[in-house]
Amino acid sequence: MPADAIRNPLSAITAQQPFLIVDGALATELERAGFDLNDSLWSARVLADEPQAIVDVHRAYFEAGADVATTASYQATLEGLMARSLSETQASALIQRSVTLAAQARSEYLAAHPERLDCPPLVAASVGPYGAYLADGSEYRGGYALDRAGLRDFHRARLATLLDAKPDVLAVETLPCAEEAQAVCDLLRDDFPTARAWIAFSARNASELSDGTPIREAVRAIADCEQVVAIGVNCTALEHIESLVREIRGETDKDIVIYPNSGEVYDPVTKTWSAACAVLVDSDGDGSEHDHDLAGWTPRWLAAGATAIGGCCRTGPDDIRALADLRKALG
């Protein structure tokens, strides 16, 4: 494969900035706007009903300082949409709409901010795990009934559909097990060799994926996949991130992308969030403390090796704005 066939779309920004800023939670902002997302399609249901609301959220994150818009396709699958009586053609069009809406928001943002034209924000097409399609919380525990071949079959059509809409990068996220990451890498190598992706795992503690696999082992299994330009962690507790970044950095020199949750605790059975304590002691045990905010922890994550930072569940534009302010201060 020609050397320029696999480029890292994150590099244009990370070469100019101390770190790249990923956006925050899409669903959280839609819920704040009054949408009921208690549905197996989650934020994907808004793609059909109120697409402008998705554009508005993407635009709010760009205005806050995000370099990446992550699309509303996390839980949008052909199987899930067709179960709602859509044809395959209609389901494909709706999945692709997630990319075009993010691109629309970017175009509107750039029209108002021409100074960003030389280094525009990116559109990352969200690819949720098989567990997100099941909508039973298994993205936080793994243990799928599908083997690697079955996982390839599950992801193939959606990846093709999203790539046809021409996102800058695929955000393959919240993977609870190494086998699913390997299945995605199989597809990237064999079916989509010019695609670029980041792979972000979900983790249950400071060193293990949600299914208990050591994160070093999972990273080692995919580190040689040229199409994967970044590896990281999302939808994980703040206090685990620094150690996880160090574990990842021990296995790869690729970009490391992290976007943890706000610090609240999610119950996948009741699908509710509960507040955690307001302050955490730093992981080095020196007695220093951080509030539950992304910017407060970011210097430690950068020191550990992170290159792209954003927020997942229960984060919003204010969190991203704080990251942007920190980045300006770092120069």
Side-chain angles (χ1 to χ4, degrees), residues 1-17 19-23 58 61-62 66-74 76 95-96 98-103 105-106 116 118-129 151-152 154-175 178 180-201 218-234 248-249 251-259 305-310 312:
M1 182 178 298
D4 62 354
I6 300 299
R7 63 177 183 84
N8 184 349
L10 311 186
S11 295
I13 297 171
T14 56
Q16 298 183 26
Q17 299 286 355
F19 60 96
L20 178 146
I21 300 175
V22 183
D23 60 3
H58 288 319
Y61 278 121
F62 284 141
D67 299 309
V68 181
T70 309
T71 65
S73 49
Y74 176 82
I95 291 171
Q96 291 179 339
S98 70
V99 178
T100 59
L101 293 176
R106 175 174 59 187
R116 287 295 307 271
D118 63 333
C119 189
L122 304 173
V123 171
S126 174
V127 181
L151 289 167
R152 285 196 297 269
F154 170 76
H155 281 290
R156 183 177 287 107
R158 180 168 51 158
L159 290 183
T161 300
L162 286 167
L163 288 168
D164 281 345
K166 302 190 183 309
D168 298 296
V169 66
L170 297 169
V172 186
E173 50 190 1
T174 328
L175 302 190
E180 188 163 21
Q182 291 173 284
V184 170
C185 286
D186 292 343
L187 290 173
L188 293 172
R189 292 188 186 101
D190 299 338
D191 294 48
F192 313 109
T194 61
R196 281 83 63 196
W198 79 53
I199 289 183
F201 296 101
V219 173
R220 198 178 306 130
I222 63 172
D224 66 347
C225 181
E226 291 184 300
Q227 289 78 13
V228 174
V229 298
I231 301 174
V233 176
N234 76 296
I248 295 168
R249 183 53 76 212
E251 299 294 335
T252 183
D253 60 0
K254 292 179 186 281
D255 279 319
I256 295 179
V257 56
I258 56 168
Y259 41 120
T307 55
I309 297 173
C312 200

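Position 1 is the first residue of the sequence; numbering continues from there.
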Does the [X] side chain pair with the main chain of [Y], one donor and one acceptor, at a distance under 3.5 Å?
X      : Y      : result
Asp23  : Ala66  : no
Arg158 : Arg156 : no
Thr307 : Ile256 : yes
Arg249 : Lys254 : yes
Asp67  : Val22  : no

For this session: Output, in order, the C-alpha distance, side-chain angles, deciding distance and verdict of side-chain contact (heavy atoms from CB on, under 4.5 Å) for Glu173 and Tyr259.
Result: CA-CA 10 Å; Glu173 50 190 1; Tyr259 41 120; 2.5 Å; yes

First locate atom [atom1] of [X], then atom [atom2] of [Y], and finally report the distance between them rounded to the nearest 0.5 Å.
X      : Y      : atom1 : atom2 : result
Arg220 : Thr252 : CZ    : OG1   : 11.5 Å
Asp191 : His155 : CG    : NE2   : 13.0 Å
Ile222 : Cys185 : CD1   : SG    : 5.0 Å
Leu188 : Cys225 : CG    : SG    : 5.0 Å
Leu162 : Thr71  : CG    : OG1   : 6.0 Å
Glu226 : Asn8   : CD    : CG    : 12.5 Å

Exercise. Are a donor atom and an acceptor atom from the side chains of Thr161 and Gln96 found within less than 3.5 Å of each other?
Worked result: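 The answer is no; no qualifying pair exists.
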
Exercise. Can Gln227 and Phe192 be said to form a side-chain contact (heavy atoms from CB on, under 4.5 Å), step by step?
Worked result: CA-CA 9 Å; Gln227 289 78 13; Phe192 313 109; over 6 Å; no

Does the side chain of [Y] come within less than 4.5 Å of [X]'s, by heavy atoms?
X      : Y      : result
Phe201 : Asn234 : no
Asp224 : Arg189 : yes
Leu159 : Leu170 : yes
Val228 : Val184 : no
Val68  : Ile21  : no

Return the minimal non-hydrogen interatomic distance between [X] and [Y], and the atom names on each side.
X      : Y      : answer
Pro129 : Leu175 : CB-CD2, 3.7 Å
Ser73  : Ser126 : OG-O, 2.7 Å
Ile258 : Ala306 : CD1-CB, 4.0 Å
Cys119 : Ala12  : SG-O, 3.6 Å
Phe62  : Pro121 : CE2-CB, 3.2 Å

For this session: Could you go through the side-chain contact (heavy atoms from CB on, under 4.5 Å) check for Val123 and Val169 one step at a time?
Result: CA-CA 7 Å; Val123 171; Val169 66; over 6 Å; no

Problem set entry | Candidate pair Trp198 and Ile231, rule side-chain contact (heavy atoms from CB on, under 4.5 Å), full reasoning | CA-CA 6 Å; Trp198 79 53; Ile231 301 174; over 6 Å; no

Exercise. Salt bridge check: are Asp168 and Arg106 linked by an N-O gap of less than 4.0 Å?
Worked result: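 Salt bridge flag = yes for Arg106 with Asp168.
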
